[in-house]
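Have a look at the structure below, then the notes.
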Amino acid sequence: MNVLIIEDERSLAREVDIFLTNNNYVCEVAYNGRTASEKISVNLYDFILIDLGLPDYEGLDLLKEAKASNPEAACIILTARAEVNDRITGLDLGADDYVPKPFSLLELQSRMQAITRRKFGLKHNTVALGDFQINLTERIISYEGNVVTTITKKEFDLIAYMLLHKNRTLTRTQLSEHIWGSVVNDDYDSNYIDAHIKNIRKKLNAFAPPNWLETVRGLGYKIVANN
Amino acid sequence: MKLNTKLTLFNTISKLVIVVLFVLLLPLLITKINLGYTDSKLIEQKEKVLQIVKTLGIGNYITDGESYGSYTLLKEEYISLDEVAADEYLDTILNERRIVEGDTIEYRILSHTFKVNKKNYLLEVGKSVSTLDDTSGPLQNIAFQVLVSMILLTILADQVYSNYVLRPLRQIIRTKLNSSRFPYTDSYRKVRTSTADFQYLDISIHRMMETITDKFQKEREFISNASHELMTPISILQTKIENMFVEEDIADDLKVRLLEMQRILNRLKSITKTLLLISQIENEQFLKEDEVNLNEMLHDVQDEISIRLEQKEITCNINVPADVALQKVNKFLLFNLLFNLINNAIKYNHEGGSINITAQKNTANLILNIADTGIGIAADELPYIFNRFKKLKRSLQQDSFGLGLPIVKSIADFHRIQIEVSSEKDKGSVFSLIIPAAILKG
């Protein structure tokens, strides 16, 4: 999939580029609004990531242009201006999502995947992990046709997030940012992830040992899957 | 005590003291005046007698060397004329006792010697003193009555005038100090007064309010700008660490250090995000258009936080009627408020403790109490719990950067919800949210 990254912070643009390229996206980068505008009018993209705070261009104008010449593209607004009005205006103008800075690259990818599922219709909504089946649209996990009802919403979120970034070690910080990111909180160290993982293992063990859910000593957790 | 009362009291007391002093001194004054009057009267009579002697001769009074004396009927006054030795000389006015027909009477006596036809004569003119004293008693009485009634009249006048003259001061206190709410956004309305001091006070208070609001505004702007500016560098660092973390040629021990960096960066991110949130709330950048069922929201928070409850084996009882709903609120903010309060109730609780959430409906408000069985807050720390970055003793043992309760406070203020805290060390704390009727639905 083709991605246009519009971001005037070169360093940040480069990291997003590296990350998405590693995850099999084809990326182009525009460091200013003028270049971005040219690229939008010439090329077709699947994703356009727009930084609202460009020095030479009003980010929301760029969004309008993108919607006009790339109607199929999914636009994601990246901004440090976390003002509510921006959010409303951005979504009103047809942005598909809004990722406030500072964001995690994993979170960005997860949002992009969600849009892909919604917009382009993902064929394989059910993923097999060992003997378990994970249905990402219905958000259920089942074993040989039996739904594991004991899994809570948060626990499913964790499994889905690790599955999305399968074969990659996710740190506790990354996991807790994903599931508690929306809550503004006084704690800066979350060891609750361990408790969640323990619960998930216990619940799944009632059916079969979830060997695919691995602990990476000292670093975090990962889901190992071949498909 | 009010200024008006004080002034009146002082006026009354000072006037009374002066009047009492005057009335007490009155006899002395009267005696002195009388004495002067009597003396001049005596001198006048003396002059009269001398005049008669000069024109009609001494023979008009004295013939054959016999002395002359004359009393009024009740012996209040007398005149006597006598021949005395040639070398005697007198010219005095003195008080003296005289025995007249068996009665001892005190007289004011003028004694004067004069020579006529080479003979020396002594003239005495006397006036009894008791006739003088008699007048002072009734005079004192009347003076006292007149003066006291005059005092009453002036007090009344004082009261009316000071009431009138102090009206601008009362207005300044009422409108500028009592009823204004920080931050002061009301435009300046001059208090009408011709008293220069009050004009000065009025304008000074206004200027001070302006300065405070201005400084407060600048601080808000600074926090908002600073946290915004920090977002991009944090973002760059975060993405760099995330990308490095999956590089294949990075050894595990380096990954552990990257993980440390990630955690610390996350802490920086949390603090910045929280500060930004607080400044956004204070700048009223959130809408208040949501309707929220309180009971449902509390259960949502409980679900969100259930892992923490489980870990410490804390039971959370929510006893809030299912029909309590709030309107004109911000759902996201309210959720965060409750989350932080309940999170604190867990954090500062004992293992196996409990949290009791109850609602109490009154006519003018609804009080939501969140009570825990935790370690409590020391009395000397209670006033500071809502201060930003205030590290209380109890939070030092916890991973906390001291912004949980400031968020709670900002959100509550934004919704005009009052917070009251009562706590007993080692017994637990109760956080009471007083939710005004304005945002209660139904």
Side-chain angles (χ1 to χ4, degrees), chain A residues 7-16 18-19 22 51 53 78-85 88 100-106 108 152-155 165 168-174 176-177 179-196 199 216-220, chain B residues 227-240 242-243 245-246 252-253 255-256 258-259 262-274 276-278 280 285-287 303-308 310-311 332 335-336 339-340 343-344 347 395 398-405 407:
Chain A
E7 168 63 68
D8 65 314
E9 283 289 339
R10 283 163 189 263
S11 197
L12 183 60
R14 200 167 65 234
E15 295 304 323
V16 177
I18 293 170
F19 176 83
N22 283 342
D51 172 22
L78 311 174
T79 186
R81 285 200 312 209
E83 270 117 15
V84 200
N85 289 341
I88 292 164
K101 284 181 192 175
F103 53 83
S104 154
L105 290 168
L106 301 179
L108 177 65
T152 65
K153 187 183 160 289
K154 282 251 170 295
E155 287 160 359
H165 304 290
R168 176 186 177 128
T169 305
L170 300 189
T171 63
R172 292 176 181 84
T173 310
Q174 286 168 327
S176 55
E177 193 182 341
I179 61 167
W180 281 303
S182 66
V183 183
V184 183
N185 198 331
D186 194 25
D187 308 318
Y188 50 76
D189 243 353
S190 289
N191 292 320
Y192 305 109
I193 293 298
D194 294 339
H196 270 310
N199 280 350
V216 185
R217 270 193 64 137
L219 296 178
Chain B
S227 36
H228 266 140
E229 288 306 315
L230 286 170
M231 288 306 189
T232 305
I234 292 173
S235 213
I236 297 169
L237 281 177
Q238 183 175 9
T239 51
K240 279 193 189 302
E242 277 188 311
N243 275 339
F245 198 71
V246 287
D252 273 4
D253 61 329
K255 280 192 178 173
V256 173
L258 278 176
L259 192 117
Q262 193 179 48
R263 266 178 41 200
I264 288 160
L265 190 67
N266 203 46
R267 181 165 146 193
L268 178 61
K269 189 168 141 181
S270 293
I271 294 172
T272 316
K273 267 171 80 177
T274 311
L276 188 59
L277 180 79
I278 291 176
Q280 282 173 336
Q285 285 174 352
F286 283 93
L287 301 169
D303 284 348
E304 188 75 25
I305 219 163
S306 59
I307 196 78
R308 305 180 192 197
E310 266 173 48
Q311 249 193 350
F332 165 77
F335 186 90
N336 273 286
F339 184 95
N340 276 286
N343 192 33
N344 272 357
K347 214 156 54 170
S395 56
Q398 303 285 336
D399 292 324
S400 144
F401 44 78
L403 281 173
L405 285 175
I407 301 172

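Throughout, protein chains are lettered first and strands after them, A, B, ... in sequence-line order, and every chain is numbered starting at 1.
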Exercise for review: Output, in order, the C-alpha distance, side-chain angles, deciding distance and verdict of side chain to side chain contact (heavy atoms under 4.5 Å, CB included) for B:Gln238 and A:Glu177.
Suggested key: CA-CA 12 Å; B:Gln238 183 175 9; A:Glu177 193 182 341; 3.2 Å; yes
Check each atom of [X] against the heavy atoms of chain B and say whether the ones under 4.5 Å are side chain, backbone, both or neither.
{"X": "A:Thr169", "value": "both"}
{"X": "A:Arg217", "value": "neither"}
{"X": "A:Ile179", "value": "backbone"}

Check your understanding: Who among B:Leu230, B:Val246, B:Leu237 has the most heavy-atom pairs with chain A under 4.5 Å?
Key ->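 Ranked by contacts with chain A, first place is B:Val246.
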If I take atom [atom1] from residue [X] and atom [atom2] from residue [Y], how far apart are they, to the nearest 0.5 angstrom?
{"X": "A:Asn22", "Y": "B:Asn243", "atom1": "CG", "atom2": "CG", "value": "7.0 Å"}
{"X": "B:Thr232", "Y": "A:Asp51", "atom1": "OG1", "atom2": "CG", "value": "7.0 Å"}
{"X": "B:Gln311", "Y": "A:Tyr192", "atom1": "CD", "atom2": "OH", "value": "6.5 Å"}
{"X": "A:Ser104", "Y": "B:Gln262", "atom1": "OG", "atom2": "CD", "value": "7.5 Å"}
{"X": "B:Lys269", "Y": "A:Phe103", "atom1": "NZ", "atom2": "CZ", "value": "9.5 Å"}
{"X": "A:Lys101", "Y": "B:Thr239", "atom1": "NZ", "atom2": "OG1", "value": "10.0 Å"}

Review point. Using a cut-off of under 4.5 Å for heavy-atom pairs, which of A:His196, A:Lys154, A:Glu9 has the most such pairs with chain B?
Key: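 Highest number of heavy-atom pairs under 4.5 Å: A:His196.
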**Study point:** From CA spacing to verdict: side chain to side chain contact (heavy atoms under 4.5 Å, CB included), B:Phe245, A:Thr171
**Key:** CA-CA 10 Å; B:Phe245 198 71; A:Thr171 63; 3.5 Å; yes
Check your understanding: Which heavy atom of A:Gly218 sits nearest a heavy atom of B:Leu259, and at what distance?
Key ->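 Taking every non-hydrogen atom into account, O-CD2, 4.0 Å.
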Practice item. Please flag which part of B:Ile234 lies under 4.5 Å from any non-hydrogen atom of chain A: side chain, backbone, both or neither. Key: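 B:Ile234 touches chain A through backbone and side-chain heavy atoms alike.
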Exercise for review: With the side chain counted from C-beta on, respond yes when A:Glu15 and B:Ser235 share a heavy-atom pair under 4.5 Å apart, and no when they do not.
Suggested key: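 The answer is no; the side chains never approach within 4.5 Å.
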Practice item. Answer whether the closest heavy-atom distance between the side chains of A:Asn199 and B:Glu310 falls below 4.5 Å. Key: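 Result yes, sub-4.5 Å side-chain heavy-atom pair found.
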Check your understanding: Ignoring hydrogens and geometry, is there a side-chain-to-backbone donor-acceptor pair from A:Trp180 to B:Glu304 under 3.5 Å?
Key ->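 A pair under 3.5 Å: yes.
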